[in-house]
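Following: one structure in structure tokens, then a few remarks.
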Amino acid sequence: MRCAEAAELFSGRASWDLTPSPLAARVAAWRARGLPLLDLSDSNPTRCGLAPAAALRDALAELAADPASARYDPDPRGDPAARSAIAAYHGGALAAEHVVLTAGTSEGYAHLFRLVADPGDRVHLPTPGYGLFEHLAALEGVETERYPLRAPAERGGARWRIDLEALAAGLTPRSRALAVIHPHNPTGSFVDPDDFGALRALARERGLAIVSDEVFADYALDGARPPGALAGAEDGPLRFALSGASKLLALPQLKVAWIAVAGAAALRDEALARLEFAADAYLSISPLAARTLARLLPRRDEIQRPVRARIEGNRAWLAERIAGSTRVRLLPAEAGWSAVVRVEGEPDEDALVLGLLERSGVLVQPGYLYDLGADDEGCALVLSLLLEPRDFARGLDALLEFVEDRKARS
Ligand SMILES: Cc1ncc(COP(=O)(O)O)c(C=O)c1O
């Protein structure tokens with residue numbers, strides 16, 4: 001608590017512990033001293049030389065020349081041209097009126113949590129996973145319950161499976177939604193079609209919605225992606241798929257994302273009408289940004305190609321570079337922008353991450369930020385695969401040298 005009045009003045013929902021973690025404090029101090037920092041956790045494509053500058057320039061020039069850009073005629077679900085482009089992206093599985101635009105995927109989560117859950121109700125999230133979703137739920141007064149994902153067996157491929165028994169055991173009468181990340185961040189695993197089937201059955205039986213975050217769906221390593229939440233669009237429980245320009249078009253600054261809604265028609269349309277009401281209260285999407293998205297979505301192959309090449313190149317190099325290491329191992333993945341490495345003999349993630357920072361100015365993410373727990377034998381680190389290859393190689397060399405040095409000294 002920073003000051004005495006705060007406890008009375010601010011809501012319980014806003015009573016976050018704002019004390020920086022030891023790692024965040026050290027990084028801030030490092031930056032404040034003006035020391036060079038090589039951030040191997042940077043997953044902002046525009047800082048990694050991957051912004052689709054030419055396509056963006058074309059789209060903005062077309063918009064500038066379009067007289068419609070000078071008018072404001074808002075549509076609460078978002079610009080119709082953008083929604084048509086999104087429906088086409090989803091391969092005709094749904095129509096433009098089944099899409100609601102949001103200012104980023106995070107806003108989409110907020111709308112959905114508010115749509116299905118009252119304060120004190122529960123949504124179920126996978127673990128390991130990214131902590132952002134808990135914060136988004138808490139901002140809406142919604143509680144979260146983590147359900148476990150089971151790592152693939154050694155040499156058993158890259159697919160993590162949902163522990164369906166544990167998920168079902170965590171359900172209560174206040175459960176409202178089951179969330180999945182497809183493919184997951186940071187494991188890079190798609191939701192298995194059998195698990196999706198089981199989730200649909202569970203959702204139907206218990207009257208729950210399915211929220212499927214599909215922001216990385218286009219970044220499958222072999223190009224093949226199993227179906228997402230929208231498959232069989234006219235049928236089944238209420239399902240929401242989230243995606244957006246931030247990952248799909250490597251354009252986080254566009255701030256346009258969307259919720260696509262599927263399920264039995266009456267329920268789907270009711271959900272859309274309510275989402276439209278909430279979106280109308282904010283009208284948070286700039287039509288100019290939405291129309292930029294409409295122009296860029298059809299060019300996504302060209303935009304994603306360099307991103308895919310970067311990810312594949314860095315992943316291949318990482319695998320080759322650590323092939324001889326007895327301490328560092330790359331976990332298999334199917335998709336996404338991250339790599340998870342397991343470091344044996346290093347149970348203390350902060351000692352490893354802070355030690356590496358102090359020694360070489362290289363920053364990596366400790367696995368605990370994603371609930372990738374350390375054990376007596378070792379820990380996990382998460383690396384962004386978006387970095388320029390030279391930077392990626394330099395950072396990785398520093399990490400491997402540091403790990404070998406610590407081993408020699410232990
Ligand atoms: C799986 C996943 N979903 C959503 C987001 C947030 O995306 P947006 O920038 O569209 O809010 C992130 C951010 O990294 C993410 O990793």
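Sequential numbering from 1 along the given sequence is applied to the chain's residues. Computed from heavy atoms alone, side chains included, the values below leave out hydrogens, waters and symmetry copies. Each ligand, and each atom within it, is numbered from 1 in the order the structure gives.
Closest approach of S384 and S43 over heavy atoms only: OG-CA, 3.8 Å.
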Evaluate side chain to side chain donor-acceptor pair (under 3.5 Å) for Q253 paired with T46, printing each intermediate quantity in order.
-> CA-CA 9 Å; Q253 72 272 43; T46 70; 5.1 Å; no
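With a 4.0 Å cut-off on non-hydrogen atoms, E107 does not touch ligand 1 at all. Residue contacts with ligand 1, taken as heavy atom pairs separated by less than 4.0 Å, involve S106 via backbone and side-chain atoms alike.
Shown in contact with I181 at under 4.0 Å from a heavy atom are these atoms of ligand 1, numbered in order with element: 1 (C). Every atom of ligand 1 with a heavy atom of N185 under 4.0 Å away is listed here by number and element: 16 (O). Of all atoms in ligand 1, numbered sequentially from 1 with element shown, those under 4.0 Å from a heavy atom of D213 are 1 (C), 2 (C), 3 (N), 4 (C). Taking every non-hydrogen atom of V215 and a distance limit under 4.0 Å, the qualifying atoms of ligand 1 come out as 1 (C), 2 (C), 3 (N).
Taking the centre and axis of the six-membered ring of W30, the NZ or CZ atom of R33 falls inside the cone set by 45° and 6.0 Å.
Under the 3.5 Å distance criterion, with hydrogens and angles disregarded, a donor-acceptor pair is assigned to the side chains of Q304 and R308. Counted by atom type alone, Y89 and D218 present one or more donor-acceptor pairs between their side chains at under 3.5 Å.
Of the protein's non-hydrogen atoms, the one nearest atom 9 (O) of ligand 1 is S246 OG, 3.0 Å. Of all protein heavy atoms, the one closest to atom 10 (O) of ligand 1 is T105 OG1, 2.5 Å. If you check which protein heavy atom lies closest to atom 12 (C) of ligand 1, you get K247 NZ, 3.8 Å.
Below 30°, between 30° and 60°, or above 60°: for Y282 and H111 the angle between ring planes is between 30° and 60°, a tilted geometry. Under the 30°/60° scheme for interplanar angles, the aromatic rings of Y370 and Y130 are found to lie parallel.
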